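The structure presented is a predicted model; accordingly, all values stated were derived computationally and were not measured. Whatever order the structure lists ligands and atoms in, that order sets their numbers, starting from 1.
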Amino acid sequence: MPQFRQQTLLWAILVGAAAGLVCGWWFGEAMAPVAWLGDLFLDALKMVIVPLIVAAVISGIGSLGDVRRLGRIGGLTLLYYLLTTASAVLLGLVLVNLVQPGSGIDTLAGGVPEGFADKETTGFSDIVRSLISPNLVAAAADTQLLPIIVFSLLLGAALTTVGEHGRTTLAFFDGLNEAMMKLVMWIMVAAPVGIFALIAGRFAEAGGGAAFLAEVQAVGWYVATVIGGLFLHFLLLTAVGQALARRGFSYVRAQGRALVTAFGTGTSSGTLPVTMECAREAGVDDRAVRFVLPLGATVNMDGTALYEAVAVMFIAQAYGIELGLAEQTLVFITATLAAIGAAGIPQAGLVTMIIVLTAVNLPLEGIGLLLAVDWFLDRLRTLVNVWGDSVGAAVIGQYIGANDAAAAPAAPQPNA
Ligand code: ASP
C-alpha cells in the first residue's frame, strides 16, 4: 500500500476508535445495534487467518532454505520470546509488590465464574499437548493455531528436502501467501468502521462509561497497576526494538493499524493478518514476518504474562494470603507458562490464570474480583502482546539479514 494511503488509513482507524470510545461511553446500551458491524469485520479477519498462516509459515520456511538454519532461527526466536515474556512477569511482580493494590479489597464480590471450575486440570502437560492436534481440520475450525503452525513448520521443512517437486509446492504456497496478504489489505479498508463498532459495541455491553467507571473504581489500584505495568513494558520493548533492530518510535507508527486493531478486537490471533501486513510494509525481513509473527501471535504474550502476575498477586493480597519469595518464584514460572499457553483470543489469559492460582493454592473465587474490568484490560494487554510480536519480528529479521550478509561471498576486489 502506498505510504500516503497507509497514513490516511491509520488516521481513519484512530478516528474510528476514538469515536467508538466516545459514543460507547456516552450512549451506552443505545450503541448495541452497531456491534454486528464490528463482528463482521472481525469475522473477515478470522476468515483469512488459517490459510494465511499455513501459506506464510510454509513459504517462510521454504525461503530460509535449509532446515538447520530454521532450527537456529527458531531456537533464537523462542529464546527471545521467553526472555521478554519473563521480563514482563518480573516487572508485574515488582509493581504489584510496590503498589499492593489488593490490600483492603472486599473479597465478598469474588466467585468462580461459570465454566471455570471444570478447567482446573489445565497444567503443563496440557500446554505441551496443545502443540499437536490429531485432527487438523478440527483445529482449524476452532482457530487453534498452534498445532497448525507446528504442522506447517514440519511440512515446510519437509518440502525443502524433496527436490524439484518440493520447490514447485513451495512456489504455490508463496503465491497463496501473496494473495492472502492482498485480501488483508482489502479487508482493512473496512477497519475504521469495524473498529468503531467493536469499541462502541463493547462499551454498550458494559452499560456505558458511567457504569464502567463504577466497576473500575472498585478495583482502581489493580487497574492502575496493570495499566502502568503494560505502559512500562511497552516502552521497554520499544527500547529493545531501537537497540537491537534500530526500530523505535517510528516503528510504533508503522504498526499503528495493528495496535489499534488489537485494542479494538482483543485478539492477537485475529490481529495477526494486520500485524503481518504492517511489518511487511515497514520493511521487516519477509522471512521473519512469515515465520516469527505467526509463532509470536500464539506463544508470545508479554501483556498477558504481566497481567497474570499482577492479577494473581492481587488476589492473594485481597484474601490476605502472604506469598513469600518461594511462592512468588512459582508465580513467576507458572505465569510465564500460562501466558505461553494462552490462546490469542479475547480473555484467554483469565482462563490460563487457573494454572498460576492452583500452583500457589489461591482460591479460584478470586477471579470473580477481576471479571467486571477484565474485558478492558484484555484489550490493553492484547495491544502489548501484538507490540511484543512486532518488535520480536524486527529483531529476528535484523538477525536474519545480518546473517545473510555474513554468509554472502565477499565482493570481488578490483584488480589493482
Ligand atoms: N486477548 C489476549 C490476546 O489475544 C489474550 C489474553 O490475555 O487473554 O492476545
Side-chain angles (χ1 to χ4, degrees), residues 38-39 41-43 45-46 49-50 53 81 84-85 88-89 91-92 113 115-116 119 122 127 130 142-146 148-149 195 198-199 202 205 222-223 225-227 229-231 233-234 237 255 258-276 278 292-312 314-315 334-357 367 370-393:
D39 294 338
F41 170 65
L42 187 54
D43 285 347
L45 282 179
K46 286 185 182 163
I49 293 177
V50 172
I53 287 194
Y81 280 157
T84 50
T85 306
V89 178
L91 177 61
F116 268 68
K119 294 212 167 72
T122 317
I127 296 181
S130 69
D142 293 342
T143 337
Q144 281 174 25
L145 301 184
L146 214 46
I148 296 182
I149 292 180
I195 297 216
L198 278 165
I199 296 179
R202 194 57 192 79
E205 212 178 297
Y222 160 69
V223 173
T225 312
V226 175
I227 295 181
L230 290 175
F231 180 68
H233 192 70
F234 188 97
L237 286 169
Q255 286 289 348
L259 299 178
V260 185
T261 306
F263 178 75
T265 61
T267 148
S268 38
S269 297
T271 308
L272 177 64
V274 190
T275 320
M276 290 172 76
C278 292
V292 178
L293 278 178
L295 204 62
T298 41
V299 300
N300 181 48
M301 304 213 178
D302 293 7
T304 304
L306 185 142
Y307 145 85
E308 302 233 3
V310 174
V312 166
F314 168 77
I315 291 174
T334 48
T336 307
L337 287 177
I340 293 172
I345 56 173
Q347 297 189 283
L350 199 63
V351 179
T352 58
M353 197 196 300
I354 294 174
I355 302 177
V356 194
L357 288 172
I367 291 178
L370 320 171
L371 271 187
V373 291
D374 195 68
W375 70 270
F376 184 71
L377 295 181
D378 180 40
R379 305 294 169 112
L380 293 174
R381 61 185 191 252
T382 308
L383 187 153
V384 175
N385 290 347
V386 168
W387 182 230
D389 301 339
S390 307
V391 173

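Those atoms of ligand 1 that come under 4.0 Å of a heavy atom in T304, given as number and element, are 5 (C), 6 (C), 7 (O). Residue A343 approaches ligand 1 through these ligand atoms, each under 4.0 Å from one of its heavy atoms: 5 (C). Distances below 4.0 Å separate heavy atoms of T267 from the following atoms of ligand 1: 4 (O). Residue G344 approaches ligand 1 through these ligand atoms, each under 4.0 Å from one of its heavy atoms: 3 (C), 4 (O).
For A348, the heavy-atom gap to ligand 1 drops under 4.0 angstrom. Assignment of A297 to the shell around ligand 1 is not supported, since no heavy atom sits closer than 4.0 Å.
The main-chain N or O of L295 is never found under 3.5 Å from a side-chain atom of Y81 such that the two would form a donor-acceptor pair.
Of all protein heavy atoms, the one lying nearest to atom 9 (O) of ligand 1 is S268 OG, 2.5 Å. Atom 5 (C) of ligand 1 has its closest protein heavy atom at I345 O, 3.5 Å. Shortest contact from atom 1 (N) of ligand 1 to any protein heavy atom: D378 OD1, 2.7 Å. Summary of contacts: the protein heavy atom closest to atom 2 (C) of ligand 1 is T382 OG1, 3.3 Å.
In terms of polar-atom proximity, defined here as any N/O pair under 3.5 Å, G349 does make such a contact with ligand 1. Distances between N or O atoms of M301 and those of ligand 1 include no value under 3.5 Å.
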**OP:** Take L306 and V384 through the test side chain to side chain contact (heavy atoms under 4.5 Å, CB included) and record every step on the way to the result.
**Re:** CA-CA 10 Å; L306 185 142; V384 175; over 6 Å; no
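Checked by atom type, the side-chain pair Q347/D374 shows a donor-acceptor distance below 3.5 Å. Remark: the Q255 side chain and the T275 side chain contain no N/O donor-acceptor pair separated by less than 3.5 Å. With hydrogens and angles left out, the side-chain atoms of N300 and T85 include a donor and acceptor closer than 3.5 Å.
Residue contacts with ligand 1, taken as heavy atom pairs separated by less than 4.0 Å, involve Q347 solely via the backbone atoms N, CA, C and O.
Here the rule is side chain to side chain contact (heavy atoms under 4.5 Å, CB included) with T271, and of N385, L45, T261, L383 only T261 fits it. Here the options are T225, L91, V89, the test is side chain to side chain contact (heavy atoms under 4.5 Å, CB included), and the partner is V310; only T225 passes.
Taking the six-membered ring for Trp and thresholds of 30 and 60 degrees, F376 and F263 have ring planes more than 60 degrees apart, a perpendicular arrangement.
Using a 4.5 Å heavy-atom threshold, the side chains of M353 and L357 count as touching.
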